[in-house]
Amino acid sequence: MEELRRMIQGIKFTQLIAGEVFRIDVPLNREEMLAKLQESEPIFLRHIQPIDRIVPIQGNADDLQALSELVRHARMRWENGSTAIHLRRVEGTSFPYSAADTKAVLDAVIMELGGETTMQSPEQILSIFAGQSELYVGWGTPAEQLSDWPGGAIRFQREDDQISRAKFKLLEAERAFKLYLETFREALDIGAAPGGWTQLLLERGLRVTSVDPAELHPKLAAYPRLTALKKNASDVQFAPGTFDLLVCDMSWSPMQMAKLVLEKADALRDGAAAVITVKLMHKKPLQTIRDVVSKLETVFELRKAKQLFHNRDEITLYLVKR
Ligand SMILES: C[S@@+](CC[C@H](N)C(=O)[O-])C[C@H]1O[C@@H](n2cnc3c(N)ncnc32)[C@H](O)[C@@H]1O
């Protein structure tokens, strides 16, 4: 909220789900609002949907009827490419239908109109948020809504041999920053244990040097492309220009982490990428982020800072060495 307040004068907030979802009213039109978000995407905003229509909830089949009518009248849009229907509900809403039921009905209407529906990689999204007594309905592309997952809540399937849930963070970063991990060759993973990130990098075909005083999961011993150093990162040194990717997920004091990353920067080639989590330990997260970023910017260029769905009290930075 603070980020948006600083960005848009006269913005008004109404909370829909405490600490999670809010409605904003802004003295801007849709294009102006989208342009502002594109210009500098807020770190803590994962998803936004326009409110093109507000439908009062009746609590019976009339609600589905009203949504179907709304879709029919927006016919032109369904001819523009595949559409996904996203529905989210506030607890206690009087809207009686599940996301699956609503989707089934609206998918049928879109198909009847000659449109195409999809779950994955849609060209446009019809987002419906069921509040206590009103449905907020809006259309947009995934880029405009900042995510192609309902509410930005991207979910990955847990695999049987997965070492840690932390792996989801790097998987999400890969998508959020359009990173294509398989295009890198030689990675340094600082704060690697138990090894979820290292596992993903190895699976993507990279050679990995992992540094952590704690034990890596024994499963990782099966990878010949892994060099595991059971050490504190401040006690290891590498030849200049060894790595083209640095990842660091240390859950440590942000400024100490930044200092340590800078110490390792010589080991990176020019143009090397870095994916780093920043723990937000203090009350002033925006200030902490500013301090850490300005320290790292002595060597790196910041490409994007985002609180990912799988980040808790932290954010993830994507940087490139100058
Ligand atoms: C959140 S865990 C990392 C999880 C890991 N990314 C994964 O996917 O499994 C943080 C790790 O950072 C390590 N760590 C903290 N300070 C460190 C330092 N100075 N040098 C190396 N590792 C450190 C801790 O031992 C711990 O294993």
Side-chain angles (χ1 to χ4, degrees), residues 154-177 179 181-182 184 186-223 225-238 242-268 272-282 285 288-289 292 295-296 299 305-319:
I154 179 164
R155 312 228 178 234
F156 299 102
Q157 195 117 34
R158 206 188 152 84
E159 297 151 357
D160 288 344
D161 69 340
Q162 191 169 315
I163 288 170
S164 72
R165 283 189 58 82
K167 184 176 181 180
F168 292 147
K169 283 196 277 187
L170 190 54
L171 270 171
E172 188 182 352
E174 190 181 22
R175 286 181 58 137
F177 305 140
L179 258 173
L181 291 175
E182 66 278 7
F184 298 93
E186 190 87 46
L188 173 62
D189 185 354
I190 304 179
W197 287 27
T198 286
Q199 183 187 31
L200 178 62
L201 296 171
L202 289 165
E203 285 167 358
R204 291 280 191 271
L206 282 77
R207 272 203 301 274
V208 183
T209 300
S210 298
V211 186
D212 201 306
E215 291 286 346
L216 287 184
H217 195 283
K219 241 182 238 172
L220 292 173
Y223 287 93
R225 280 176 285 106
L226 171 65
T227 305
L229 304 175
K230 197 166 175 296
K231 287 188 170 176
N232 190 305
S234 46
D235 299 333
V236 292
Q237 285 208 324
F238 304 99
T242 306
F243 304 101
D244 59 357
L245 177 67
L246 167 86
V247 298
C248 172
D249 180 32
M250 266 186 349
S251 304
W252 208 24
S253 137
M255 289 314 263
Q256 298 285 354
M257 176 281 291
K259 182 168 170 278
L260 209 141
V261 165
L262 289 177
E263 279 171 23
K264 299 292 163 261
D266 264 358
L268 304 180
V275 177
I276 299 175
T277 53
V278 181
K279 203 87 201 151
L280 301 172
M281 308 165 103
H282 308 293
T288 304
I289 294 165
V292 168
K295 200 170 165 77
L296 290 171
V299 173
K306 197 80 205 167
Q307 188 176 46
L308 304 175
F309 175 65
H310 290 93
N311 286 140
R312 289 288 164 250
D313 299 325
E314 61 182 13
I315 63 160
T316 304
L317 303 179
Y318 166 37
L319 308 122

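Worth knowing before you read on, the calculation uses all heavy atoms, side chains too, and leaves out hydrogens, waters and symmetry mates. Remember, it's 1-based here, ligands and their atoms both numbered in the order they're listed.
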The single option from V208, D189, L170, D161 that satisfies side-chain contact (heavy atoms from CB on, under 4.5 Å) with Q199 is D161

Requested in this report: Find out whether F243 and K264 are in side-chain contact, i.e. whether some heavy atom of one side chain is under 4.5 Å from a heavy atom of the other.
Outcome: no

task = Report, as yes or no, whether the 6.0 Å neighbourhood of atom CG on N232 holds more than 12 heavy atoms from other residues, nucleotides or ligands.
result = yes

among protein heavy atoms, the one nearest atom 19 (N) of ligand 1 is N232 OD1, 3.0 Å

Checking V278, L308, I276, T277 against E314 for side-chain contact (heavy atoms from CB on, under 4.5 Å), the one that qualifies is T277

The protein heavy atom nearest to atom 17 (C) of ligand 1 is M250 SD, 3.7 Å

Contact region, A233 to ligand 1, non-hydrogen atoms below 4.0 Å, reads both

Ligand 1 atoms nearer than 4.0 angstrom to some heavy atom of S164 are 7 (C), 8 (O), 9 (O)

Atom 7 (C) of ligand 1 sits nearest the protein heavy atom G196 N, 3.3 Å

Among non-hydrogen protein atoms, atom 2 (S) of ligand 1 lies closest to A193 O, 3.5 Å

> Hey, does E174 have a side-chain heavy atom less than 4.5 Å from the side chain of E182?
Replying inline: yes

The protein heavy atom nearest to atom 10 (C) of ligand 1 is D249 O, 3.2 Å

Between Q162 and F168 the two heavy atoms that sit nearest each other are NE2-CZ, 3.4 Å

Heavy-atom closest pair (G196 atom, I163 atom, distance to 0.1 Å) is N-CG2, 4.1 Å

Ligand 1 to A166, heavy atom cutoff 4.0 Å, flagged ligand atoms 7 (C), 8 (O)

Less than 3.5 Å between some nitrogen or oxygen of W197 and one of ligand 1, yes or no?
yes

Any heavy atom of A192 under 4.0 Å from ligand 1? The part involved is backbone

min-distance protein heavy atom vs atom 22 (N) of ligand 1 -> P213 CD, 3.3 Å

When distances are taken from atom 12 (O) of ligand 1, the protein heavy atom at minimum range is G191 CA, 3.4 Å

For A193 and L216, the nearest pair of non-hydrogen atoms, with its separation, is CA-CD2, 3.7 Å

A student checking ligand 1 against S251 at a 4.0 Å heavy-atom cut-off should list atoms 1 (C)

Open item on the list: Working note: Y223 + E203, criterion side chain to side chain contact (heavy atoms under 4.5 Å, CB included); need CA distance, chi angles, decisive distance, verdict.
Closed with: CA-CA 9 Å; Y223 287 93; E203 285 167 358; 3.8 Å; yes

Here the atoms of ligand 1 under 4.0 Å from any heavy atom belonging to G195 are 7 (C), 9 (O)

Of all heavy-atom pairs linking Q307 and R312, the shortest is NE2-O, 2.8 Å

heavy-atom search around atom 13 (C) of ligand 1 in the protein gives D212 OD2, 3.1 Å

